[in-house]
Amino acid sequence: MTQDQLFAEIKKKQSFLCIGLDVDLNKIPSYLLDTEDPIFEFNKAIIDATHHLCVAYKPNTAFYEAYGLKGWKALEKTINYLNTHYPEIFTIADAKRGDIGNTSTMYAKAFFEDLAFDSVTVAPYMGKDSVEPFLAFKNKHTIMLALTSNKGAFDFQTKTIDDKEVYKYVLETSKGWANSENLMYVVGATKAEYLADIRQIIPDSFLLVPGVGAQGGNLQDVCKYGMNNSVGLLINSSRGIIYASNSDDFAEAAANKALELKNAMALELSHYFKS
């Protein structure tokens with residue numbers, strides 16, 4: 001999927017919502033545990049109930065790897081289901097990979113070729129030769145951690161070197177890497193006050209923004225400082241949507257929560273593009 005196609009889908013749905021599929025078997029309705037593949041059945045129900053309200057889904061691979069082969073099979077079935085039934089949806093493998101070149105190439109093949117995700121999250125700590133192998137894949141996107149929503153982000157990311165924060169060096173350096181037009185960036189919603197500076201460095205890139213809702217991020221602030229002429233935002237919500245209920249009505253409850261966010265996003269879009 002190209003970024004232009006993603007923007008077209010955002011305009012069509014009046015939504016830039018990404019739903020995180022972070023499945024914990026301790027939190028899903030108990031009756032699903034009696035099915036052959038509880039993780040996939042949970043995901044399928046969530047997807048069928050919410051696909052018209054969002055433009056992206058983001059499985060966090062740790063929630064699948066934790067269950068071994070069965071978990072990985074559930075992830076494979078989930079992405080296959082999305083690509084077959086809802087090909088207009090942008091898919092994100094939240095894997096946060098990052099290693100030396102040859103290893104990164106194999107990670108990229110795993111997520112882009114074998115599983116056929118549109119994008120994957122990566123950590124930039126090892127530098128360009130750990131990220132460029134992901135960027136080499138045509139019409140695939142690498143979503144690089146830039147400024148994250150966790151408290152530990154202040155340990156390194158906001159430290160200054162020669163009066164400039166480390167995350168700004170990361171952003172500026174990444175723009176010079178091969179195929180950098182395939183880069184997107186993770187910026188936490190709890191760091192909304194930093195978005196104005198970030199947009200000075202990467203005005204046109206898409207930002208994946210976790211942290212709205214359960215982690216305390218504010219949608220209006222993110223839109224105020226982060227939105228660009230192509231919207232340029234994917235706002236992720238995971239727990240707040242998929243665990244809205246742990247009863248038989250879990251999919252309907254998830255859809256209701258997704259609709260609330262989608263309507264709030266439509267309002268922000270109308271404000272931005274009117275002005």
For this session: Please lay out, stage by stage, how Gln220 and Glu268 fare under the test side chain to side chain contact (heavy atoms under 4.5 Å, CB included).
Result: CA-CA 7 Å; Gln220 289 72 30; Glu268 293 300 317; 3.3 Å; yes
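- For Tyr185 and Ser174, the side-chain atoms include at least one donor-acceptor pair closer than 3.5 Å.
- The number of heavy atoms from other shown groups lying within 6.0 Å of NZ (Lys224) does not exceed 12.
- What you find for Glu41 and Thr35 is that their closest heavy atoms are CG-OG1, 3.8 Å.
- When the side chains of ILVMFWY residues are joined at heavy-atom separations under 4.5 Å, either directly or via intervening members, Tyr272 and Leu219 end up in a single hydrophobic cluster.
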Table please: side-chain donor-acceptor pairs of residues 101-109 below 3.5 Å, with sequence neighbours left out.
unit_1 : atom_1 : unit_2 : atom_2 : d
Ser104 : OG     : Asp99  : N      : 3.4
Ser104 : OG     : Asp99  : O      : 2.8
Ser104 : OG     : Ser130 : O      : 2.7
Thr105 : OG1    : Gly101 : O      : 3.1

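- For Ile161, the side chain to side chain contact (heavy atoms under 4.5 Å, CB included) partners two or more places apart in sequence, or in a different chain, are Val166, Tyr169.
- Using a 30° and 60° split on the angle between ring planes, His141 and Phe90 fall in the tilted class, from 30° to 60°.
- Salt bridge Arg239/Asp22: absent, no basic N to carboxylate O contact under 4.0 Å.
- The cluster map of Ile, Leu, Val, Met, Phe, Trp and Tyr, joined by side-chain heavy atoms under 4.5 Å apart, puts Leu145 and Phe154 in the same cluster.
- Around atom NZ of Lys13, more than 12 heavy atoms belonging to other residues, nucleotides or ligands sit under 6.0 Å away.
- Between the side chain of Glu132 and the backbone N or O of Ala178 there is at least one donor-acceptor pair closer than 3.5 Å.
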Problem set entry | Candidate pair Ile202 and Leu207, rule side chain to side chain contact (heavy atoms under 4.5 Å, CB included), full reasoning | CA-CA 10 Å; Ile202 47 168; Leu207 307 179; 3.8 Å; yes
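- For the atom pair CG of Asp118 and CD1 of Ile92, the computed distance is 8.5 Å after rounding to the nearest 0.5 Å.
- Note on Phe273 and Val55: same hydrophobic cluster, where clusters join Ile, Leu, Val, Met, Phe, Trp and Tyr whose side-chain heavy atoms are under 4.5 Å apart, directly or indirectly.
- In this structure, CD on Glu88 lies 9.0 Å from CG on Leu82, to the nearest 0.5 angstrom.
- The closest side-chain heavy-atom distance from Tyr194 to Tyr167 is below 4.5 Å.
- At a threshold of 4.5 Å between non-hydrogen side-chain atoms, the residues Met126 and Ile100 count as touching.
- For the atom pair Ile47 CD1 and Cys54 SG, the distance stands at 8.5 Å (nearest 0.5 Å).
- Gln3 CD to Asn139 CG: the interatomic distance, rounded to the nearest 0.5 Å, is 10.5 Å.
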Exercise. What do the steps show when you test Met184 against Ser205 for side chain to side chain contact (heavy atoms under 4.5 Å, CB included), and what is the final call?
Worked result: CA-CA 6 Å; Met184 298 179 178; Ser205 301; 6.0 Å; no
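- Exactly one of Leu6, Leu233, Val209 qualifies for a side-chain contact (heavy atoms from CB on, under 4.5 Å) with Phe16. That residue is Leu233.
- No side-chain heavy atom of Ile242 sits less than 4.5 Å from a side-chain heavy atom of Lys27.
- Atoms CG and CE, from Leu135 and Met144 in turn, are 9.0 Å apart once rounded to the nearest 0.5 Å.
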Would you list the atom pairs, donor with acceptor, under 3.5 Å between side chains in residues 249-259 and any protein atom, with sequence neighbours excluded?
unit_1 : atom_1 : unit_2 : atom_2 : d
Asp249 : OD1    : Ser245 : OG     : 2.6
Asn256 : ND2    : Glu252 : O      : 3.4

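- Residues Tyr57 and Thr50 bring a donor and an acceptor atom of their side chains to less than 3.5 Å of each other.
- When all heavy atoms of Phe7 and Val231 are compared, the pair lying nearest together is CE1-CG2, 3.7 Å.
- Residues meeting the side chain to side chain contact (heavy atoms under 4.5 Å, CB included) test with Asp48, sequence neighbours left out: Lys44, Tyr81, Tyr86.
- A pairwise comparison of heavy atoms in Phe206 and Ser230 identifies CZ-O, 3.6 Å as the closest pair.
- Inspection of the Asp94 and Thr121 side chains reveals an N or O donor paired with an N or O acceptor under 3.5 Å.
- Remark: the backbone N or O of Thr2 is paired with a side-chain donor or acceptor of Gln5 at under 3.5 angstrom.
- Contact check for Asn60 versus Lys96: side-chain heavy atoms found under the 4.5 Å cut-off.
- In this structure, the side chain of Asn236 engages the main chain of Gly20 through a donor-acceptor pair within 3.5 Å.
- Both Val120 and Leu234 belong to a single network of hydrophobic side chains, linked directly or stepwise wherever heavy atoms of I, L, V, M, F, W or Y lie under 4.5 Å apart.
- Using a 4.5 Å heavy-atom cutoff, the side chains of Arg97 and Phe111 are in contact.
- Counting heavy atoms of neighbouring residues, nucleotides and ligands inside a 6.0 Å radius, atom OH of Tyr243 exceeds 12 of them.
- Residues that satisfy the side chain to side chain contact (heavy atoms under 4.5 Å, CB included) test with Leu25, not counting sequence neighbours, are Ile28, Leu33, Pro38, Ile39, Tyr67.
- Heavy-atom neighbours of Lys164 NZ from other residues, nucleotides or ligands within 6.0 Å: above the threshold of 12.
- Counted by atom type alone, Thr148 and Asn150 present one or more donor-acceptor pairs between their side chains at under 3.5 Å.
- A salt bridge does not link Lys168 to Glu172: none of the charged side-chain nitrogens sits closer than 4.0 Å to a carboxylate oxygen.
- Atoms CG and CG, from Leu147 and Leu171 in turn, are 8.5 Å apart once rounded to the nearest 0.5 Å.
- Here Glu181 pairs with nothing under the salt bridge (Lys or Arg N to Asp or Glu O under 4.0 Å) rule; sequence neighbours left out.
- By the 6.0 Å contact criterion, OH on Tyr31 is enclosed, its count of non-hydrogen atoms from other residues, nucleotides or ligands being greater than 12.
- Between Leu21 and Ile46 the shortest side-chain heavy-atom distance falls below 4.5 Å.
- Within the 4.5 Å cutoff, the side chain of Thr91 has no heavy atoms near those of the Ser119 side chain.
- In this structure, the side chains of Lys138 and Asn182 stay at 4.5 Å or more apart for every pair of heavy atoms.
- Leu53 and Ile19 end up in different hydrophobic clusters when Ile, Leu, Val, Met, Phe, Trp and Tyr side chains are linked at under 4.5 Å.
- The 12-atom threshold is exceeded at NZ of Lys77, counting heavy atoms of other residues, nucleotides or ligands nearer than 6.0 Å.
- Atom CD of Glu193 sits in a crowded spot, with more than 12 heavy atoms from other residues, nucleotides or ligands closer than 6.0 Å.
- The backbone N or O of Pro203 lies less than 3.5 Å from a partner atom in the side chain of Asn228, making a donor-acceptor pair.
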